[in-house]
Amino acid sequence: TKSILERCAQTGIWLIGPNSPGMSRSSVLNYPSHLKVAQIPIQCILPGETAVVGVGGTMLFETLKDLKGAGIGTSWAISLGGDSTRGLSGRDAALIAENDPKTKYFVYIGEPGGYSAQELAGAMKAGLITKPVIVKIIGSRLPDRCYIGHAGTITTGHDFEKTEIK
């Protein structure tokens with residue numbers, strides 16, 4: 001996987017996953033035009049101006065469904081995948097949304113443990129992300145040195161892994 005990640009980075013290819021239901025790109029201007037790679041349910045998608053990124057597929061689907069039910073459409077829906085080795089990071093996905101003129105808002109869905117939320121916060125602090133961001137962390141705190149395979153999460157006992165810190 002590492003050599004594939006390196007090759008993608010060298011050639012500018014986005015690697016989504018592994019263990020990800022993929023991504024979806026919808027356009028309000030060209031509706032019903034829609035790009036879907038993998039298995040994000042089209043029933044969850046309403047074209048709009050909000051990019052939604054999640055570490056787990058089910059959390060992403062539920063958030064998309066809730067947004068659609070509230071009449072809020074999405075421009076991007078990206079699942080980062082469930083392995084500790086990932087292609088796109090939350091920071092990468094936020095930069096995609098930041099550089100998309102049709103995207104006005106960014107939603108990140110994460111879990112306790114791991115570093116993705118911290119990388120996103122670092123990009124925001126550095127001024128790389130200027131659009132409004134909503135971060136939703138599901139859960140509170142896992143036991144130290146706990147590995148959750150589906151979310152690629154390892155907890156080490158550091159305070160920054162706690163939901164209230166994120």
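All values below were derived from every heavy atom in this structure, side-chain atoms included, with hydrogens, water molecules and symmetry-related copies excluded.
Contact detail for Gly57 and Pro21: the closest heavy-atom pair is CA-CG, 3.7 Å. Across Pro132 and Lys104, no two heavy atoms sit closer than the pair CD-O, 3.3 Å. Summarising the geometry of Leu80 relative to Gly90, their closest heavy-atom pair is CD1-N, 3.5 Å, with the distance given to 0.1 Å. Heavy-atom minimum distance, Ile78 versus Ala93: CD1-CB, 4.3 Å. Across every non-hydrogen atom of Leu128 and Arg91, the tightest pair is CD1-NH2, 3.4 Å. Of all non-hydrogen atoms in Gly87 and Leu5, the two that sit nearest each other are CA-CD2, 3.4 Å.
Cluster membership for Ile13 and Trp76, using ILVMFWY side-chain heavy atoms within less than 4.5 angstrom, is not shared. Under the 4.5 Å side-chain heavy-atom criterion for Ile, Leu, Val, Met, Phe, Trp and Tyr, Leu95 and Val52 are members of the same hydrophobic cluster. Under the 4.5 Å side-chain heavy-atom criterion for grouping Ile, Leu, Val, Met, Phe, Trp and Tyr, Val133 is not connected to Tyr105 through any hydrophobic cluster.
Looking only at distances, a side-chain donor or acceptor of Glu98 sits under 3.5 Å from a matching main-chain atom of Thr130. Looking at Asp92, its side chain does come within 3.5 Å of a backbone N or O of Ser89 through a donor-acceptor pair. When atom types are taken as modelled, the side chain of Lys136 and the backbone of Gly54 share no donor-acceptor pair closer than 3.5 angstrom.
Under the 4.5 Å side-chain criterion, counting only non-hydrogen atoms from C-beta, Leu46 is not in contact with Leu67. With contacts defined as side-chain heavy-atom distances shorter than 4.5 Å, the pair Ile96/Met23 does not qualify. At least one side-chain heavy atom of Thr74 sits less than 4.5 Å from a side-chain heavy atom of Ser26. Two residues are said to be in side-chain contact when any heavy atoms from C-beta on lie closer than 4.5 Å; Lys65 and Glu62 meet this criterion.
To the nearest 0.5 Å, atoms CG (Leu60) and OH (Tyr108) are separated by 11.5 Å. Separating the SG atom in Cys8 from the CG atom in Leu15 is a distance of 4.5 Å, to the nearest 0.5 Å. Within the model, atoms NZ of Lys131 and OG1 of Thr50 stand 10.5 Å from one another, a figure rounded to the nearest 0.5 Å. Rounding to the nearest 0.5 angstrom, the gap separating the CD atom in Gln39 from the OG atom in Ser20 is 8.0 Å. Between the CD atom in Glu49 and the CG atom in Asp100 there is a gap of 10.0 Å [rounded to 0.5 Å]. Rounding to the nearest 0.5 Å places CD1 of Ile72 at 11.5 Å from OG1 of Thr63.
The side-chain contact (heavy atoms from CB on, under 4.5 Å) search around Ala94 returns Phe106, Leu120, Ile129, not counting sequence neighbours.
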